[in-house]
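Here the structure comes first, spelled out in structure tokens, and everything after it is commentary.
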Amino acid sequence: MNIYDELQWRGLINQVSDEDKVRTYLSGQGATMYCGFDPTAESLHIGNLVPLLCLARMKRAGHNPIFLLGGATGLIGDPSGKDKERELSRQEDVDARSEKIKAQVRRFFERNTGERPEITNNYIWTKDLTTIELLRDVGRYFTINWMLQKESVKGRLDREDVGISYTEFSYMVLQGYDYYHLFKTKGCRLQIGGGDQWGNITAGCELVRKKCAQEENTQEEVYALTFPLITTASGKKFGKSEKGAIYLSPDLTPPYAFYQFFINTDDRDVIRFLKLFTFLDQEEIAALERELAAAPHLRTAQKRLAEEVTRMVHGQPELDRVMAATEALFGGGTIKGVDPATLRAALETAPHCHYAPGTVPDLPQILLDLKLATSKGQARKDIQGGGVYINGERVDEDQDVAESDFMGGEVLIIRKGKKNYGLVTRG
RNA sequence: GGUGGGGUUCCCGAGUGGCCAAAGGGAACAGACUGUAAAUCUGUCGUCGAACGACUUCGGAGGUUCAAAUCCUCCCCCCACCA
């Protein structure tokens with residue numbers, strides 16, 4: 001199956017500049033394509049999983065994917081999909097984030113393709129570009145009229161309360177130049193990206209075409225392909241949970257929380273997500289779909305989705321730990337029956353606090369220390385509402401932590417709501 | 001630079017001197033029902049406090065007043081049109 005057709009089946013194709021030509025481009029092997037990632041945070045998040053995974057799919061299909069870190073564009077700020085001007089990041093922050101993301105991308109790619117990824121950074125070729133060069137050699141191929149038509153710009157112009165700075169307005173020029181650069185140096189003819197990147201990507205396509213035609217008198221064509229915006233059935237933006245964005249870095253989102261995020265996928269979304277976020281083939285996904293229809297309460301599809309994605313991002317050993325934790329906490333039976341060491345291991349990534357003997361505070365304070373509540377008042381209300389459990393048993397109002405609640409004299413499990421756990425140790 | 005319109009609690013957004021910790025919606029959290037799902041219903045949703053209550057908040061700094069998110073002064077920021 002042509003990788004293009006596979007992408008189509010998975011629902012990964014939103015817009016393509018030229019379907020037939022892209023299919024042809026991808027039909028053999030050794031085609032080159034790239035996707036950019038701006039270092040706006042210390043870590044990529046699950047919204048980046050689609051392009052990340054797509055580049056891995058390309059590698060598996062025998063192509064040459066390139067990861068482009070936006071060391072330069074990250075300093076400018078992409079207006080796409082943003083309804084407000086954003087704060088400019090400091091250079092050293094962007095550099096530091098770029099390094100972290102680079103390491104993250106490498107681990108992900110090696111784990112899922114067995115090969116080293118090709119990673120570059122647009123700062124390399126952008127930093128020495130002079131103003132005059134930028135304006136004369138790049139800027140002149142963009143007309144303002146055309147730029148104003150772009151969704152990312154129009155959205156800002158139409159609004160009454162915000163504008164767009166020249167800085168962000170120029171973003172597409174830089175991104176366009178990246179494409180030109182990668183085309184000239186790597187022969188890259190396909191750029192992929194999120195649905196909001198269509199304008200930026202096509203800006204690059206235009207630039208390549210015009211620049212080659214005018215300066216070298218050659219006719220060159222490069223392509224654009226975007227993924228759909230991932231939506232959820234409930235209409236929420238995908239990738240945000242109660243706790244905020246779900247990051248790929250275990251430091252920002254514990255693997256347990258990561259796994260749980262996928263476990264909680266809505267029935268209506270799970271099959272679509274299996275296609276988008278895993279390497280499972282048509283047959284396997286069809287089987288899971290049948291199981292979902294026959295026995296939705298078993299949530300086989302959700303479990304498989306969570307397993308696959310967690311393994312891809314965090315690796316098998318981490319997945320084993322996380323599944324053990326899930327089994328201990330949700331697998332029926334009482335928590336008291338599980339031995340303290342297992343619990344401790346299971347809740348390794350859950351919030352945790354430790355008190356010296358005799359210094360154990362009252363329950364609301366513990367909830368606050370565990371960050372399971374935002375204030376003592378809120379903690380108290382949660383307790384009153386019957387939402388807090390010690391070792392699996394609901395806490396009554398005014399009840400406090402007793403000596404005997406510490407299993408083995410040292411471990412105590414607190415739960416708020418159905419699935420928020422915290423671990424308290426003593427000694 | 002000129003003219004006009006704005007900046008309210010996580011977000012949107014009401015509020016033009018006391019009845020305002022501030023309507024309404026969204027998000028979020030908890031409970032019920034369930035399948036660690038969805039939908040629905042209920043409660044909570046500035047901080048502290050068991051509670052009467054106390055304290056802090058409406059771009060910033062001053063001021064008027066018994067009393068200010070609301071009035072005045074200066075400053076900062078955003079938007080539109082004009083130059």
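The figures here come from the full heavy-atom set of this structure, side chains too, leaving out hydrogens, waters and symmetry mates. Here is how names work: the chains are called A, B, and so on, in the same order as the sequence lines, proteins then strands, and each is numbered from 1.
- Taking Phe262(A) as the reference, Phe258(A) meet the ring-ring contact (aromatic ring centres under 6.0 Å, His included) condition, with sequence neighbours excluded.
- Set against A32(B), A38(B), A50(B), the side chain of Arg394(A) has A32(B) as its closest nucleotide.
- For G60(B) and C10(B), the P atoms lie 13 Å apart once the distance is rounded to whole Å.
- The nucleotide C81(B) finds its pairing partner in G2(B), both defining distances of the Watson-Crick or G-U wobble pair being shorter than 3.5 Å.
- Within the nucleic acid shown, Asn264(A) comes within 4.0 Å of at least one base atom, counting heavy atoms only.
- Between A38(B), A30(B), A37(B), one nucleotide has an atom nearer to the side chain of Asn420(A) than all others, and that is A30(B).
- Counting only heavy atoms from C-beta on, Lys416(A) has its side chain closest to A30(B) among A37(B), G49(B), A30(B).
- Rounded to whole Å, atom C1' of A50(B) lies 7 Å from atom CZ of Arg380(A).
- With Arg415(A) contributing its side chain and Gly417(A) its backbone, the two residues share a donor-acceptor pair below 3.5 Å.
- With both pairing distances under 3.5 Å, A51(B) is matched to nothing as a Watson-Crick or G-U wobble pair.
- Between G49(B), A38(B), U36(B), one nucleotide has an atom nearer to the side chain of Asp266(A) than all others, and that is A38(B).
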Report all side-chain donor-acceptor pairs from residues 354-362 of chain A shorter than 3.5 Å, counting only partners two or more places apart or in another chain.
from      : atom 1 : to        : atom 2 : distance (Å)
His354(A) : ND1    : Thr425(A) : OG1    : 2.7
His354(A) : NE2    : Gly427(A) : O      : 2.9
Tyr355(A) : OH     : Asp369(A) : OD2    : 2.6
Thr359(A) : OG1    : Ala356(A) : N      : 3.1
Thr359(A) : OG1    : Ala356(A) : O      : 2.6
Asp362(A) : OD1    : Gln365(A) : N      : 3.3

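- Comparing the C1' positions of G26(B) and C45(B) gives an interatomic distance of 13 Å, to the nearest angstrom.
- Comparing the P positions of A23(B) and G31(B) gives a spacing of 26 Å, expressed to the nearest Å.
- For A39(B) and C71(B), the P atoms lie 42 Å apart once the distance is rounded to whole Å.
- Across every strand in view, C10(B) sits in a pair with G26(B) that passes the Watson-Crick or G-U test at under 3.5 angstrom.
- Which of U36(B), A30(B), C45(B) sits closest to the side chain of Lys381(A) comes down to C45(B).
- For the segment residues 371-378 of chain A, the set of residues with a heavy atom within less than 4.0 Å of an atom of RNA chain B comprises Ser375(A), Lys376(A), Gly377(A), Gln378(A), in numerical order.
- With Asp178(A) as reference, Asn122(A) is the one residue of Thr120(A), Thr73(A), Asn122(A) to meet the side-chain hydrogen bond (donor to acceptor under 3.5 Å, both in side chains) rule.
- Across the P atoms, A38(B) and A30(B) are found 12 Å apart, a figure rounded to whole Å.
- Arg272(A) contributes atom CZ, which lies 4.5 Å from atom OG1 of Thr231(A) (distance to the nearest 0.5 angstrom).
- Partner assigned to G35(B) is none, using Watson-Crick or G-U wobble distances below 3.5 angstrom.
- Here the separation of U16(B) from G59(B), taken at their P atoms, is 15 Å to the nearest Å.
- Remark: Lys150(A) qualifies as a cation-pi partner of Trp146(A) under the 6.0 Å distance and 45° angle criteria applied to the six-membered ring.
- Separation of the C1' atoms belonging to A21(B) and U42(B) is 23 Å when rounded to the nearest angstrom.
- Spacing between G7(B) and C72(B) at atom P, rounded to whole Å, works out to 15 Å.
- When both distances must be under 3.5 Å, the Watson-Crick or G-U wobble mate of C20(B) does not exist.
- When heavy atoms are screened at a 4.0 angstrom cut-off, Tyr389(A) is found touching the sugar-phosphate backbone but no base atom.
- In this structure, A61(B) forms a base pair with U73(B), meeting either the Watson-Crick or the G-U wobble geometry with both donor-acceptor distances under 3.5 Å.
- For Asp267(A), the side-chain atoms get nearest to G35(B) when compared with the rest of A30(B), G35(B), A37(B).
- Cation-pi geometry between Lys211(A) and Tyr180(A) is met: under 6.0 angstrom from the ring centre, within 45 degrees of the axis.
- Contact annotation: Arg268(A) does not reach the phosphate of A37(B) (side-chain N/O to OP1 or OP2, under 4.0 Å).
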(request) Verify side chain to side chain contact (heavy atoms under 4.5 Å, CB included) between Glu307(A) and Met323(A), making sure each step is shown before the conclusion. (result) CA-CA 8 Å; Glu307(A) 279 170 41; Met323(A) 287 178 69; 3.5 Å; yes
